[in-house]
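One structure is given below, encoded as structure tokens.
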Amino acid sequence: MDQADSLRNLFAKREAKDKLIDCRNKLYEAILVGNHDNIDFFMAELDQAQRHFEECINKEKT
């Protein structure tokens, strides 16, 4: 792996982490304000972001 690949992996991992945090915050906010119509959508979005983050982490280990 060259330096450019390392940087790409680092940025991909950071973006995936930021997306995960953003999804978690949206879900938390929906729960707080009682916006029950969007909770299922935000749960699905959070699950997808979690999977993507885990893929980025596992890519780094291989």
Hey, could you give me the CD/CG distance between E15 and L10, rounded to the nearest 0.5 Å? 10.0 Å
Measure the shortest side-chain to side-chain distance between I31 and L27 over non-hydrogen atoms and say whether it is less than 4.5 angstrom. yes
Would you indicate whether the side-chain heavy atoms of R24 and Q50 approach each other to under 4.5 Å? no
Side-chain heavy atoms under 4.5 angstrom apart, residues restricted to Ile, Leu, Val, Met, Phe, Trp, Tyr: same cluster for I57 and L20? yes
Got more than 12 heavy atoms from elsewhere within 6.0 Å of NZ, K26? yes
Hey, could you give me the CG/CD distance between N38 and E45, rounded to the nearest 0.5 Å? 10.0 Å
Looking only at heavy atoms, what is the nearest atom pair of K13 and C56, with distance? CA-CB, 4.2 Å
Between I39 and H36, is there a side-chain heavy-atom distance shorter than 4.5 Å? yes
Note, H52 side chain near E55 side chain (heavy atom, < 4.5 Å): yes
Once you round to the nearest 0.5 Å, how far does CZ of F41 lie from CG of N35? 11.5 Å
Is the CD atom of Q48 crowded by more than 12 outside heavy atoms at less than 6.0 Å? no
Are any of the side-chain heavy atoms of F42 and L46 separated by less than 4.5 Å? no
